[in-house]
Every structure is written in structure tokens, then in C-alpha cells.
Amino acid sequence: MHRRLVASVLAAALILPQHAIAAGTEEAVPAVPAFAGAYQPQDSDERGLWAEQDEQERTLRESDRVVRDAELNAYVRGVLCRSVGQERCNAVRIYIVRAPMFNASMAPNGTMRVFTGLLLRAHDEAELASVLGHEFAHFELRHGLARYRARRSGSDLAAWSAVFGAVAIAFSGAAYTSSGTGVAIYGDVMRFERAQESAADRLGFGFMAASGYRPHSAADVWRAVMDEADQTALDRGRRSQRYDNTAFFASHPTSLDRATALDALAEANPGGDYTGVDPHRAAIAPHLAQFLADELALNDFGGTDFVFQRLAAQGRSAPILFARGELHRKRGNPRDLANATAFYHEALELDPAHAEAWRGLGLAQMRSGNTIEGAAALKTYLERVPDAADAPMLRVMIGEQ
Amino acid sequence: MKRVIAGALALTLVLAPTSAIAHRLMAAGTAAQVARSDLTVTPGIEWNRLSQRPGPMAERWTLDGELLNDLIFFGGVESGTPLFREVDRRDNPLPQFSSTMLPTDIPPLLETSLRITQNISTFEVVRVAPRPFLGASGVEFEYRMLGGDDITRQGRAVAAIVGGKLFMITYDAPAEYFFARSSADVDRIIASATL
């Protein structure tokens, strides 16, 4: 996602003075402060920042990448409202952006972007609540403004290098990958500092404690996303100690001991024990096939396999077994095709009506050279879905035409 | 500081036109060898060939600019290589073509490649059908995708694996107006393709 622009902004951020304060602190979290109510920008810096964010929000609101399903939106809003309280929740507009990445962000004007990849990766309500609460904390503490001021007054060079980064992209033939539209939809990269992370963690845990969510979920989700980044790296033949290639971590500096620090914070705070696994799964269920398909379109076997395995650990499910079959079939080594065949068989055992699994099974066998079994499975698929988009091609492949 | 900025701006201005000089007008009715291969096509109208190759075995033509009509020729992509030039090999590598792929594996290969190179966010395959191409039993497919600029594009492609290498012509343009307007011209180019 507009990586070069991100890279140049990150490079710019490096020029600025960093306050090297260790992430995480073990002191107990204070009670959540009273909410100041409807907040309005205070000075010219802040008004300028809001105007910019308002403009981006107008673009975002019109985007076809926003998932408008009323029930899913109500669910996400419900989790945020339970986490931060109704009064704070009213200050937020939530946009669910269709993107297979773990990410959520909140702009200073109250625009919250929640990526579908986060909804898929969150194991339960508590994990989702911990991320949304953390983002809300950055908003409430107005970290975006501090960042903006630092960028404005800290160094003109930083601002200019961002401009030249954009110019370079415009002439590199990838002009529309990093357009203003992209920033409006996916959100700007506000790289927070360690001190801000600690403050957001403290307030975030305050929200978790006040709302009865299980505090350790915050560490769990963090650890899972770092493990995913590790698997992506491992699969690509390199070691990973850095996580800033993950969208979320591009804005949240992190380290291996971050999850440990979060665990320590969770230990120091009572919270509740509500996780909300079932409501979360029920809310995701109607969109699961779509979310899984979006992940499959990435070329990231290691990371995607990790995400699917974590989902599979929650219980056997035909859509997830099917997705694992697709992932292996897509990589297409002979052993992958054998694994894919096994996954499709298992999916069909659970749900014999899963037509797409017949298609996958047939194609995996055809590519393995088992044309007779493959043709039989594809025939079953074509009987179930006679007007599939690829039906004309499949009919020829099995010798029907 | 100001001098640095002025210098950098001047440099950009100098660099910009040089890359534009190498674009070339492809004459109507004249056979042209494309994508560093034996793939030959004859356009019915004038097209522009863009100087920057999208991939080592690829060539890009357009009428009004690649955002409005993007015609790409792939002239024999070898097994184990990607369709396009890598944008970020380390962190976001492109998928690779394999000579063992089935015709139905080509649309997902293009989808993932476009997600990475053009930041498209959705890709819906509308139709996949057999079509003889370059003397081989090829595949033809149509798709709709949402670009990184939030514009819906319509696309179509014809592909065939010849001698273990992938030969393909893809065309995409905004679904509104542009795709349909030049579709007949693209038809003519595809029909003229020989190896």
C-alpha cells in the first residue's frame, strides 16, 4: 500500500528527534478520565489538520472499498462503544475498509478506519476491543496533533522529502498507487512515538478494565500479528525482527517485548473476563468467504497460512478448510496439490453442499495429473453451479465440449 | 535549504521529459513485433508504445495514457518468473508463472500481480472461456477491478501457453466509457496476433 510514500514519510520521521522512552510500564492504569465532550479544534494548527482530515473523510465516505453492510457496522460500533463508553463513541465515525491487512487507525477529526483484515484476524470481541480502544486512546490524547506539530515545526526538510517522495512516484509509472485517494481511503501514516504508545496503552487498558473485557487479549492479538509477520518473513527466506512491514506497525513502533509489556500491564489491571468469541464469529460469518478470498489474493503463503491456521484452531469449519485448500493449490507444488486435495475432502465432509470445494478439488487433481478424478469433481461442480463464470472453460477441460 | 529544494525541483523537471521522448507511435496497419519476442500484432489505428516496460517480457501500449486504456503484451513469460517487474521483491514479491498452470490459474495469477503492482483492491472474474490463440488452445477471460484510485476498471485478456511460456494480451480501461470505446480496436489487435 503506497509503500514508497510510506517509506519516505518514515524516512522523514527518522530525521525528527525521537524520545526514546521504553514501551510499556508496569504501573497500574488510572481510572478512565471524564470525557471532555464534543471537542472542537483549538488553534490554527489543529483547524488545518481537521480540514485536511475532513477532506479525506469525504473521499473515504464515497469509496467503493468501504463495507457498508449495516449489521457488520453495527457490530463494530457496538464493540467500540462497549469498550470506550457511549459518550466517547458518539465522537467517532467508523468506516470498515475492505483490505486484507491487520490495521485500524483513527484520524484526529474522529474518523476511524477498521480494515477487514483486522476483523478476520481478531479471535474475539476482546481482541478487537483492545485494538479499537488503543486507537481511540491515541485520538483522545490528541497524539495526531502532536505529531502534526512536530512535523511542521520540527523540520521543513521532513515535509519536503515527503513531497519529493510523491514526485518520484508520479514519474515511476506507479502514479495511481499512491494517489491522494489512496491516503484518503487507507488513512495517513501517523507514526507514534514510544511515549505516546505507552500513554495510549495505559488509557486503552483503562477502557478494557472499565468495560469488562479480558485485558490479556491485548497481548494475544499483538503476539499473533507479530507471529504472522515472522511467518511471512520465514517463508520468504529471511529472519524477522522488525514489524514495520505490517500496516499496523508502520504507525506503531514495536518490538519483541511489546507483547510482554502488554501482558505485564494486563497483570497489573483487573479488568473482566469477557471475551465474546461467539458474537464475534456470528458477526463475521456472513462475510467470512469474502474476507478469506481477499487474503488468498495476496502472494504471502507463510503469513496467510498462519492466519488460516489460527482460525482453524477455533474449530473445524468448511469455509476455512476450503480456503486452506485454495492457498495450497495456488502455490501449486506437487506436495501442495496433495495437501489441497486433503483440505477440500475435509471441507466436503463437513459441508457436502460447498460447491466451490468441488471446483478446487477437481482443479487440484487435474493439475496433479489425476484427470479422471479431477474431471469427475469438476462435473459435480458444474452440476451444482451450471452458470459459473468459468463454466465454459471447465467444460472444455473435462472434455464435455 | 531553499537551494536544495530548488535544485531538486529543477532536477525533476529535467528528468521528466527525457523519459517521455522514448515513447513511440505505432503506425496503423503496420505489423509490429512486441515484448521482445516473436509475438507480432497489427493495430488498426495508431497506438502509443510507452517506453517503460512493465516487465522484462512485457510491453505497454495506450491511446490516452495507461490510466485510461492499458494494453499489455506478454511475450513468452518463462516458468518461475513473474509477469511484471518486481516492485518490492523483499517485502512484497510477485507471484510467478508456472508452465504446469491450468487455464483457470491464469486469472488469479494476473489478479495477484495487479494487486501488488497497481494496488487494485478488488478483482472479480466475470467470464473464463476457451479461445484458440497463437495456434494453441488458449483461454480468454473478462474481469472487473477497483483500482488504487477508486475507479472501477473493466478488463479482458487472452492467453496461451506455448512451449512452456506464457503469451498473453491484457487490456483494461475505466468501465465507464473508455473500456467499450476502444474494445473493437483491441479486438482487432488480438485477432491479428501471430507468433
Side-chain angles (χ1 to χ4, degrees), chain A residues 1-4 59 62-65 97-100 156-157 160 163-164 167-168 170-182 184-186 232-233 236 238 245 294 296-300 326 329-334 359 363 366-367 369 388-397 401, chain B residues 1 4-5 8-9 12 15-16 19 50 52 54 60 66-67 82 85 87-96 98 100-105 107-109 111-113 115-131 137 139-143 146-152:
Chain A
M1 185 184 60
H2 45 271
R3 274 173 199 280
R4 289 184 201 184
T59 306
E62 302 301 322
S63 170
D64 287 340
R65 260 169 290 182
V97 179
R98 191 174 152 193
D156 285 337
L157 181 64
W160 278 108
V163 171
F164 287 124
V167 169
F171 283 105
S172 73
Y176 64 100
T177 65
S178 54
S179 58
T181 317
I185 292 163
Y186 290 124
T232 298
R236 289 176 181 162
R238 56 184 168 79
N245 296 317
D294 285 348
L296 285 167
L298 304 170
N299 183 37
D300 178 11
E326 294 283 274
R329 181 171 69 83
K330 207 174 170 187
R331 194 165 69 171
N333 293 318
R359 178 183 181 273
L363 292 173
M366 293 285 265
R367 199 168 167 189
D390 54 3
M393 189 71 237
L394 295 177
R395 289 208 174 91
V396 168
M397 284 166 64
Q401 272 175 8
Chain B
M1 172 54 62
V4 175
I5 294 163
L9 270 177
T12 348
L15 286 177
S19 62
L50 298 186
Q52 197 181 35
R60 174 173 259 154
E66 75 270 34
L67 302 189
R85 195 186 307 281
V87 280
D88 183 0
R89 193 197 302 269
R90 188 175 182 275
D91 293 324
N92 208 4
L94 288 168
Q96 294 167 350
S98 161
T100 65
M101 281 181 165
L102 301 171
T104 44
D105 292 327
L109 172 69
E111 169 181 7
T112 301
S113 302
R115 276 189 190 251
I116 295 169
T117 56
Q118 297 189 10
N119 198 28
I120 61 161
S121 58
T122 67
F123 185 94
E124 184 200 351
V125 177
V126 184
R127 180 174 159 268
V128 186
R131 173 179 173 146
S137 54
V139 57
E140 176 178 45
F141 55 98
E142 292 165 22
Y143 47 93
L146 189 59
D149 50 5
D150 215 33
I151 287 172
T152 300

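Here the structure is a predicted model, which means the values were calculated and not measured. Protein chains get the first letters and strands the later ones, always in sequence-line order, with residue 1 at the start of each.
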Worksheet entry | Greatest number of heavy atom pairs closer than 4.5 Å to chain A - which of B:Val125, B:Thr104, B:Leu109 | B:Thr104

Item to complete: For residues B:Pro107 and A:Met393, determine if any side-chain heavy atom of one lies less than 4.5 Å from a side-chain heavy atom of the other.
Response: no

Fill in: Heavy-atom contact with chain B under 4.5 Å, split by part of A:Leu298
backbone

Fill in: Which atoms of B:Asp150 approach chain A - backbone, side chain, both or neither, heavy atom under 4.5 Å
both

Item to complete: Could you walk me through whether A:Leu394 and A:Leu363 pass the side chain to side chain contact (heavy atoms under 4.5 Å, CB included) test, one step at a time?
Response: CA-CA 9 Å; A:Leu394 295 177; A:Leu363 292 173; 3.9 Å; yes

Item to complete: Can you tell which part of A:Arg236 gets under 4.5 Å to a heavy atom of chain B, answering side chain, backbone, both or neither?
Response: side chain

Worksheet entry | Considering all heavy atoms, the nearest A:Arg98-B:Thr122 contact | NH1-CG2, 3.4 Å

Discussion item. Using heavy-atom distances under 4.5 Å, tell me whether B:Leu94 contacts chain A through its side chain, its backbone, both, or neither.
Written reply: backbone

Worksheet entry | Region of A:Arg395 that comes under 4.5 Å of a non-hydrogen atom in chain B | neither

Worksheet item: Donor-acceptor pair, A:Asn299 side chain versus B:Ser113 backbone, under 3.5 Å?
Response: no

Worksheet item: Do A:Lys330 and A:Glu326 pass the salt bridge (charged side-chain N to carboxylate O under 4.0 Å, His left out) test, and can you show the C-alpha distance, the side-chain angles, and the key distance before you say yes or no?
Response: CA-CA 6 Å; A:Lys330 207 174 170 187; A:Glu326 294 283 274; over 6 Å; no

Worksheet entry | A:Ala99 versus chain B, the contacting section by heavy-atom distance below 4.5 Å | neither

Worksheet item: So which of B:Pro93, B:Pro103, B:Ser137, B:Pro108 has the biggest tally of heavy-atom pairs under 4.5 Å with chain A?
Response: B:Pro93

Worksheet entry | chain A contact via B:Arg127 - which portion, at a heavy-atom distance below 4.5 Å | both

Worksheet item: At a heavy-atom separation under 4.5 Å, does B:Thr152 approach chain A through its side chain, its backbone, both, or neither?
Response: side chain

Worksheet item: Would you say A:Asp390 and A:Arg359 make side-chain contact, with heavy atoms under 4.5 Å?
Response: yes

Worksheet entry | Minimum heavy-atom distance between B:Met101 and B:Gln96, given as atom pair plus value | CE-O, 3.7 Å

Worksheet item: Hey, which of B:Leu146, B:Asp105, B:Val139 has the most heavy atom pairs under 4.5 Å with chain A?
Response: B:Leu146

Worksheet item: How about A:Thr232 and A:Asp300: does a side-chain donor come under 3.5 Å of a side-chain acceptor?
Response: yes

